[in-house]
There are 2 protein chains.
Amino acid sequence: METFKAHLDKFISIDDQEFASVISYFQIINTGKKENLMLEGEICKFKYFVLEGCLRKFFINEKGIEQTTEFAIENWWISDTFAFEKQMKSDFNIQAVEKSRILMIDYSSQEHLLEKHPVMERYFRMVYQTAYAAAEKRLRYLYEMTKEEYYIHFSTLYPWFIQRIPQYLVASFLGFTPEYLSEIRAKLRS
Amino acid sequence: METFKAHLDKFISIDDQEFASVISYFQIINTGKKENLMLEGEICKFKYFVLEGCLRKFFINEKGIEQTTEFAIENWWISDTFAFEKQMKSDFNIQAVEKSRILMIDYSSQEHLLEKHPVMERYFRMVYQTAYAAAEKRLRYLYEMTKEEYYIHFSTLYPWFIQRIPQYLVASFLGFTPEYLSEIRAKLRS
């Protein structure tokens with residue numbers, strides 16, 4: 001749990017006693033590679049924080065192909081925010097890309113946590129603010145960049161993205177076919 | 001100010017006395033149509049809440065064309081979140097689409113406000129959470145929908161969008177040329 005405590009310390013001041021209470025609202029689970037945490041069409045019960053490993057969020061498109069929209073590595077949250085907050089069915093799937101160690105919290109525990117520890121409002125305000133700022137940037141890139149530029153941008157900004165994520169998932173995230181990604185990589189190498 | 005009080009009441013409990021203190025951290029301004037609030041390349045000093053009217057955020061693309069990425073009507077916030085929180089130069093412009101009445105707050109006032117009124121952490125947590133949830137949905141639409149589907153989706157979900165926003169800005173937001181938007185509209189009417 002030192003990982004999560006160290007992560008919280010970056011945003012808020014929280015002593016060991018309060019942390020012990022905060023952490024009691026969460027569950028820890030271990031997942032195998034490719035294990036599903038959330039399925040499309042089911043109520044979005046949890047949000048997930050990656051202690052170790054990597055998760056991804058995807059939906060099945062019209063052609064029946066998995067379209068990845070988000071990855072989460074260490075110290076990042078992932079969920080279907082809309083469906084979680086409304087406790088509705090999700091349009092997304094969440095799956096482990098690697099063997100992972102996950103902290104998760106359900107909606108009712110989150111409400112109790114926020115009531116008992118208002119400092120966590122500040123923490124989650126900062127988490128969502130950062131996530132929203134990243135989404136604003138990403139939307140701009142989608143307007144502005146060609147697919148090739150977007151790939152180069154991602155590889156440069158997030159080396160882990162290319163090193164850790166299997167190539168077919170990188171393609172899925174970027175909206176490429178795996179063949180097109182191979183072409184771009186070959187072109188960049190030459 | 002009743003507008004902002006009524007808006008806050010949807011998220012948090014705040015009595016008149018506390019509200020009087022909260023509102024003292026904000027400034028109110030009136031803008032004319034097409035008036036600029038924030039310019040690309042300048043420090044992002046404020047975030048803006050629309051009391052009345054409509055603002056938009058845009059950047060100038062490689063071809064020198066204004067690319068709108070976001071609109072804000074009544075009861076919505078708009079800023080360059082990343083640049084505001086880091087007090088850095090923004091990559092965006094913010095401009096009034098209509099004559100507007102705006103509440104704005106600078107970074108240092110926001111920090112003092114949050115320190116004095118922690119209940120506003122809860123409010124902003126919910127604001128950013130909602131904004132992030134909307135961005136997650138929008139990213140999915142960008143993967144999933146054709147431009148024509150995206151236009152129909154927007155017109156259906158947000159009638160104000162088509163009714164209030166000039167057609168050339170609707171085109172700019174959707175990444176269409178104005179000609180292409182006219183074609184789609186003609187096709188949908190027929």
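Keep in mind it's a predicted model, so treat the numbers as computed, not measured. Computed over heavy atoms, backbone and side chain alike; hydrogens, waters and symmetry mates excluded. Every chain is numbered from 1, with letters handed out A, B, ... down the list of sequences.
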Between the CD atom in B:E136 and the CZ atom in A:F92, the distance rounded to the nearest 0.5 Å is 6.5 Å
Return the set of residues passing ring pair (Phe, Tyr, Trp, His ring centres under 6.0 Å) with B:F19 (not counting sequence neighbours), or none when no residue passes. none
Which residue out of A:M120, A:E70, A:Q129, A:R122 racks up the most heavy-atom pairs below 4.5 Å with chain B? A:Q129
For B:D106, check side chain to side chain donor-acceptor pair (under 3.5 Å) against everything at least two apart and list the hits. B:S109
A:V119 vs B:E121 side-chain heavy atoms within contact, under 4.5 Å: no
Do B:I94 and B:L169 belong together in a cluster built from hydrophobic side chains that touch within less than 4.5 Å? yes
Only counting residues at least two apart or in another chain, list the ones meeting side chain to side chain contact (heavy atoms under 4.5 Å, CB included) with A:D91. B:R140
Out of A:Y123, A:F59, A:F124, which one racks up the most heavy-atom pairs below 4.5 Å with chain B? A:F59
Are A:T81 and B:T130 close enough that some pair of their side-chain heavy atoms sits under 4.5 Å apart? no
Among A:A135, A:S79, A:A133, A:A134, residue most engaged with chain B (heavy-atom pairs, under 4.5 Å): A:A133
I want to check something: taking the side chain as every heavy atom from C-beta on, are A:L142 and B:L142 in contact at a cut-off of under 4.5 Å? yes
At under 4.5 Å between heavy atoms, what parts of residues 143-163 of chain A are in contact with chain B? List them by residue number. A:Y143, A:E144, A:E149
